[in-house]
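Single-structure report; data block below.
We count residues from 1, following the sequence as given.
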Amino acid sequence: MDKLLWGDSGLRDAADNIVLDSHQVVVTRVDSLPLLRFYESARAVALGAYEDNDFAVRAAYCQAESIPVIRRLTGGGASYLYPEQIAWSLTVQAQESNIEQWLARLCIAMCNGLTNSGYANVYFHKPNDIYVNNRKLGSVYIGMQDNILIANGTLYRSLDISTMLRALRVPKEKLTQDGIRAAGLHFTTLQNRSAVDLSALKESLAQSIAQITGLRVLVRTPWVDSVSHTKLADYDKLSEHNNGSIYSGFLATSGGILHGSMSLDSHLRISSARMGGNVYIRPHHLFKKMESALYGASEDEISQRMENLLYDIHWELLGFTPAHIITLFHRLFERQRIAERLSITASSANSFMVHDPDGAMDAMDIAAQAEAVLVPYCAKPAWCKWRHKDGCSQCGKCDVGQIYHLAGKRGLKVTTVKNFEHLEFILRVLKERDTKCYLGMCCNNFYIKHEDTFRAANIPALLLDIAGANCYDLMQEQAAYSGKFVAESTIDVEVAAKVIDIAHQNNAHNQHADKWVRQ
């Protein structure tokens, strides 16, 4: 079949569009028909096929604003859909299945279609964005189901930046009027607004997609104006609720954030496992295959199980490797050891974030060699005169005061991080002092967003997730960065004390050894 059938299914609920995407995959697979469908979507957040809802979406805001959350068939990160966008879905048989090449080809096709419609300075920004005059105009996402390529794309006709920044959990931009205004400068919209212009643009895009996929004939066809309705995604079901025996965590890679969870039997073998992330993988059910392959595995058997699985199938991971997945599961097993070593629950062990740039140390090694402790100002009471200062009176009325007291007794230097710029300064100072490792407290949203800042310092760290009201959940990131956030977070002092004690034991041992050498 050398024809691309294309059409427009109009404005529909986001969940209906997912059903139509599934229908396209079936038709393309059974009848060998390449299909391209343009459409518009009602408001929704579209998760990537493998993405973790808890890390991607501000569920409370979406519920309050009646914005449904759906899951695409394609990989990548979450996106915000609304009617004033040109959206499209492509399904085509693909014997060659290189994800990176397909993303590039389809992005180039979009650029060609826009250029042929009169747009200038259009280019593809890796891995999957379309830019015009240095501003983002849209994105492309792809997935592979057996030998069927499915792609989704959007182009902005208007902007709803304010809602987008509030609906998505970890945006790059900041949630203030100035931040929203600045974010708007990073985006642009289609210039042609009339129905005739939009129709001509869609045909130009269809022609470019046909050409780049090797289809010589373009056939426009009416899209069937009916759909089997599907239940909208349930916020609760999208979240993975820990029951106290599940070890979970994440790992930042250049291809996206990997998420994993597992439970263990009495012999410390994997009895269940889950994987996900805002990533691109092939085949579509690769994570499911990995989960099955790891069932019953001990920690020492993970690498061999993965090697055996991947030897027998054609696979692709964009921007990360099987070694990253193996590292993630080692981190999950490490949580079990942390729980046992510190006599804490799995849930408490899950609050640890191991930052190890070289990948050579485990959590307890980092804790043992820690020479400093960093605490966030947002865990100090709003009424405290020390909230925005580096220091503490140790009055005993807050979590931070207890950390200062415990660490001080054990010879560890404590610093209150007053704002983001102060964190950068502190990390530079620690680096200049050849600090081996440090302990810290921050929320996982902050760490994920600024992992590159921690990585640039190149110092291993063991970070403890803070609880309670944080700036990301309350959408006050900019206030937090500037040191003006007024809500209060909490630190698990009991767990922090146990980690500080490990650092103290090692420091005391080193001091004793130094004294012995001097004698």
Side-chain angles (χ1 to χ4, degrees), residues 4-28 35-49 57 61-74 76 78-91 106 110 113-114 117 130 136-141 143 150-164 166-168 187-207 209 218-234:
L4 175 64
L5 276 63
W6 73 286
D8 195 318
S9 59
L11 174 64
R12 298 177 185 270
D13 288 340
D16 290 344
N17 282 316
I18 296 298
V19 173
L20 286 177
D21 283 355
S22 299
H23 288 177
Q24 279 188 232
V25 171
V26 172
V27 171
T28 299
L35 300 173
L36 172 63
R37 176 174 60 90
F38 290 96
Y39 57 92
E40 291 184 45
S41 173
R43 289 202 314 171
V45 168
L47 292 171
V57 179
Y61 176 81
C62 291
Q63 286 179 303
E65 296 298 317
S66 298
I67 300 174
V69 179
I70 61 167
R71 191 175 292 282
R72 299 191 310 263
L73 302 182
T74 50
S79 60
Y80 172 56
L81 303 175
Y82 51 96
E84 286 294 300
Q85 295 175 344
I86 290 180
W88 55 271
S89 294
L90 169 73
T91 52
L106 291 174
M110 300 303 291
L114 289 162
S117 296
I130 310 299
K136 182 176 174 179
L137 179 61
S139 299
V140 176
Y141 308 92
I150 178 167
N152 300 127
T154 54
L155 295 171
Y156 306 122
R157 293 178 54 198
S158 69
L159 297 177
D160 188 3
I161 300 297
S162 177
T163 303
M164 179 186 75
R166 287 174 168 83
L168 304 182
F187 295 82
T188 189
T189 62
L190 294 169
Q191 300 166 0
N192 300 324
R193 300 290 185 88
S194 71
V196 174
D197 289 335
L198 291 176
S199 179
L201 174 60
K202 291 174 184 176
E203 183 161 5
S204 177
L205 294 172
Q207 288 175 342
I209 290 174
L218 191 65
V219 179
R220 183 160 189 168
T221 181
W223 215 271
V224 177
D225 192 23
S226 64
V227 67
S228 299
H229 288 266
T230 186
K231 187 179 184 295
L232 291 178
D234 188 308

| field | Worked check of side-chain contact (heavy atoms from CB on, under 4.5 Å) between Leu205 and Phe38 | value | CA-CA 10 Å; Leu205 294 172; Phe38 290 96; 4.1 Å; yes
| request: Among Leu5, Ile150, Leu20, Thr221, find the residue that satisfies the side chain to side chain contact (heavy atoms under 4.5 Å, CB included) test when tested with Leu35. | output: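 It is Leu5, the one option of Leu5, Ile150, Leu20, Thr221 that forms the side chain to side chain contact (heavy atoms under 4.5 Å, CB included) with Leu35.
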| said: Please identify which of these residues, Val45, Thr154, Asn152, meets the side chain to side chain contact (heavy atoms under 4.5 Å, CB included) condition with Leu81. | reply: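 By the side chain to side chain contact (heavy atoms under 4.5 Å, CB included) criterion, Leu81 pairs with just one of Val45, Thr154, Asn152: Thr154.
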| task | Report the relative orientation of the aromatic rings in Tyr156 and Tyr82; use parallel for angles under 30°, tilted for 30 to 60°, perpendicular for over 60°. | result |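 Parallel.
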Atom pair [atom1]/[atom2] of [X] and [Y] - distance to nearest 0.5 Å:
X	Y	atom1	atom2	answer
Arg12	Asn17	CZ	CG	7.0 Å
Ile18	Ser41	CD1	OG	8.0 Å
Thr189	Ile86	OG1	CD1	11.0 Å
Met110	Leu155	CE	CG	4.0 Å

| Trace of the side-chain contact (heavy atoms from CB on, under 4.5 Å) decision for Leu137 with Leu114 | CA-CA 10 Å; Leu137 179 61; Leu114 289 162; 3.7 Å; yes
[X] versus [Y], closest heavy-atom pair with distance:
X	Y	answer
Gly10	Tyr39	O-CB, 3.4 Å
Trp6	Ala206	CD2-CB, 3.9 Å
Arg71	Gly48	NH1-O, 3.0 Å
Thr91	Gln24	OG1-NE2, 3.3 Å
Leu201	Gly113	CD1-O, 4.3 Å
Ala14	Ala42	CB-O, 4.3 Å

| request: Determine, step by step, whether Thr163 and Ile67 satisfy the side-chain contact (heavy atoms from CB on, under 4.5 Å) criterion, reporting the C-alpha distance in whole Å, the side-chain angles of both residues, the deciding distance to 0.1 Å, and the verdict. | output: CA-CA 10 Å; Thr163 303; Ile67 300 174; 3.8 Å; yes
| Check ion pair Glu40-Arg157 (N to O, under 4.0 angstrom) |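 Salt bridge present between Glu40 and Arg157.
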| said: Check this for me: does any side-chain nitrogen of one of Asp21 and Arg37 sit under 4.0 Å from a carboxylate oxygen of the other? | reply: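 The answer is yes: the pair qualifies as a salt bridge.
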| field | Polar side-chain atom of Ser199 near backbone of Ala195 as donor-acceptor pair, under 3.5 Å | value |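 No, the answer is negative, given that no donor and acceptor are paired below the 3.5 Å cut-off.
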| message | Go through it in stages, so that I can follow the logic: the residues are Ile161 and Tyr80, the test is side-chain contact (heavy atoms from CB on, under 4.5 Å), and I'd like the CA-CA distance, side-chain angles, deciding distance and then a yes or no. | response | CA-CA 9 Å; Ile161 300 297; Tyr80 172 56; over 6 Å; no
